[in-house]
Amino acid sequence: MQKISLAIHGGAGTILKEDMTPELEAAYREGLQQALDAGYAVLENGGTSVTAVKAAVIHLEDNNLFNAGKGAVFTKKGVHELDAAIMSGKNLEAGAVAGVRNIRNPVELAEEVMLHSGHVFLSGKGANDFAIKQGIKLEPDEYFYSQYRYDQWREIRDSDLYQLDHKSDKLVGLMKDKKFGTVGAVACDSEGNIAAATSTGGMTNKRFGRIGDSPMIGSGTYANNKTCAISCTGHGEIFIRAVAAYDISCLMEYKNMSLKEACEEVVLKKLPAMHGDGGLIGIDAKGNVAMIFNSAGMYRGSKSSDSSNFVAIYGDNN
Ligand code: ASP
């Protein structure tokens with residue numbers, strides 16, 4: 001029988017137990033579990049992998065612990081510019097948005113682009129106009145405000161530093177941080193169709209309309225029934241240059257690697273060689289899941305019809 005599976009991530013990076021309070025850790029775990037349950041319920045009820053990844057990502061976008069939707073980071077101008085993508089492995093249809101504002105669930109808008117725009121990738125004001133035309137849910141600026149994100153931004157807003165979510169004292173070039181808070185999901189449904197979705201606020205203090213890998217089909221998000229569905233999190237510039245998600249698909253298609261081998265090749269060899277910190281989740285059409293990262297931790301979870309349910313934060317499967 002076809003195995004149904006779902007995997008999610010809530011970002012990778014220097015996530016260490018010593019930086020966490022028990023309450024915060026419990027809140028992260030609960031948020032991950034709720035998103036897993038929401039996506040998995042779709043699959044269990046015979047829904048498609050596209051609907052399942054969307055449901056899981058919406059949960060993470062609505063949770064302000066994660067850097068997507070409600071919890072998105074501040075840009076240099078003190079606003080929130082959101083990126084998201086969704087892709088169906090069944091027919092290679094894809095939709096993506098970049099730099100959109102006031103959209104409650106950017107993943108929903110990405111799906112709308114996929115289904116009803118006649119295009120794949122919309123950006124900025126045009127994407128917002130399309131959202132209004134399609135009746136997508138909007139929220140005022142205050143909805144995206146949190147003291148935590150504001151303080152993160154205040155620390156660096158007068159500098160040229162940018163920061164990949166959360167707090168750290170490491171300075172890496174112009175990057176102040178080594179933590180990534182993007183969210184994503186991959187799923188395999190009862191028909192053996194796979195899909196991927198990714199959503200992010202990008203980097204704190206980003207400017208000049210910066211766009212990361214998350215909404216770029218082939219870099220941060222990709223799905224193809226023949227190979228895999230992938231959602232990435234990490235230093236987007238490097239993932240773009242590595243064309244990370246599509247590279248995993250290529251390694252499977254042209255080199256016959258398994259999902260796990262291909263993910264390890266890219267995350268543990270190719271990306272580190274380019275100083276690309278981060279990780280990703282992947283799934284194949286048999287419902288196998290891989291969750292690989294080269295950072296200290298990654299918020300992650302998976303659930304399958306073989307009755308596995310897994311939620312972890314740190315490097316040691318905890
Ligand atoms: N990859 C995302 C970006 O570069 C950041 C992240 O994963 O948190 O926009």
Side-chain angles (χ1 to χ4, degrees), residues 8-15 28 32 57 60-61 63-76 80-85 96-100 106-107 110 121 123 148-149 152-153 161-168 170 172-186 196-222 230-248 266-267 271 274-282 291-300 313:
I8 58 169
H9 71 77
T14 319
I15 303 162
Y28 272 113
L32 290 168
V57 167
L60 296 165
E61 286 176 340
N63 183 336
N64 72 357
L65 288 176
F66 301 100
N67 173 20
K70 187 170 172 53
V73 296
F74 284 85
T75 67
K76 179 90 181 163
H80 306 276
E81 292 175 355
L82 314 171
D83 303 338
V97 292
V100 294
V107 72
F121 203 170
S123 73
Y148 170 61
R149 296 291 184 213
Q152 273 184 338
W153 171 59
L161 293 172
Y162 59 88
Q163 177 172 311
L164 277 152
D165 203 22
H166 307 293
K167 204 158 120 268
S168 160
K170 275 193 198 150
V172 183
L174 279 180
M175 205 206 304
K176 188 179 182 297
D177 201 351
K178 301 264 277 179
K179 288 186 183 178
F180 317 102
T182 292
V183 308
V186 293
T198 313
S199 181
T200 189
M203 296 168 155
T204 297
N205 218 30
K206 68 183 180 181
R207 54 184 176 157
F208 308 130
R210 182 262 182 191
I211 300 167
D213 61 315
S214 310
M216 286 191 195
I217 300 304
S219 293
T221 307
Y222 188 70
I230 302 288
S231 171
C232 301
T233 173
H235 190 175
E237 279 65 13
I238 316 295
F239 282 66
I240 292 171
R241 287 164 50 213
V243 202
Y246 185 61
D247 196 25
I248 291 170
V266 170
V267 177
L271 286 166
M274 299 169 75
H275 306 289
D277 295 307
L280 51 82
I281 52 172
M291 297 188 279
I292 312 288
F293 48 98
N294 61 33
S295 46
M298 179 164 82
Y299 299 107
R300 63 200 184 280
I313 297 177

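Just so you know, ligand 1 is whichever comes first in the structure, and atom 1 is the first atom listed for that ligand. Every heavy atom of this structure was used, including side-chain atoms; hydrogens, water molecules and symmetry mates were not.
Using a 4.0 Å cutoff on heavy atoms, Lys206 does not count as a contact of ligand 1. The shortest separation from a heavy atom of Ser214 to ligand 1 is under 4.0 Å, placing the residue in contact. Contact annotation: Gly202 has at least one heavy atom less than 4.0 Å from an atom of ligand 1.
For the atom pair CZ of Arg300 and CD1 of Ile313, the computed distance is 8.5 Å after rounding to the nearest 0.5 Å. How far CG of Asn294 is from NE2 of His275: 12.0 Å, rounded to the nearest 0.5 Å. One distance of note links CE of Met203 with CG of Asn67; it measures 10.5 Å at 0.5 Å rounding.
Among the atoms of Cys232, none of the N or O lies under 3.5 angstrom from an N or O of ligand 1. Remark: ligand 1 and Thr200 share no N or O pair separated by less than 3.5 Å (distance only, no angle test). At least one N/O-N/O distance between Gly236 and ligand 1 falls below 3.5 Å.
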*Can Ile8 and Leu32 be said to form a side-chain contact (heavy atoms from CB on, under 4.5 Å), step by step?*
CA-CA 8 Å; Ile8 58 169; Leu32 290 168; 3.9 Å; yes
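Which parts of ligand 1 touch Thr233 is read off a 4.0 Å heavy-atom cut-off, strictly below it: atoms 6 (C), 7 (O), 8 (O). Within ligand 1, the atoms closer than 4.0 Å to a non-hydrogen atom of Asp213 are 1 (N), 2 (C), 3 (C), 4 (O), numbered from 1 in the order shown. Distances below 4.0 Å separate heavy atoms of Thr182 from the following atoms of ligand 1: 2 (C), 5 (C), 6 (C), 7 (O), 8 (O).
With a heavy-atom cut-off of 4.0 Å, Met298 does not touch ligand 1 at all.
Contact check on Glu237 versus Arg210 returns a salt bridge, with a Lys/Arg side-chain nitrogen under 4.0 Å from an Asp/Glu carboxylate oxygen.
Not less than 6.0 angstrom separates the ring centroid of His9 from the ring centroid of Tyr299.
Just one of Thr198, Asp213, Ile230 meets the side chain to side chain contact (heavy atoms under 4.5 Å, CB included) condition when paired with Thr221; it is Thr198.
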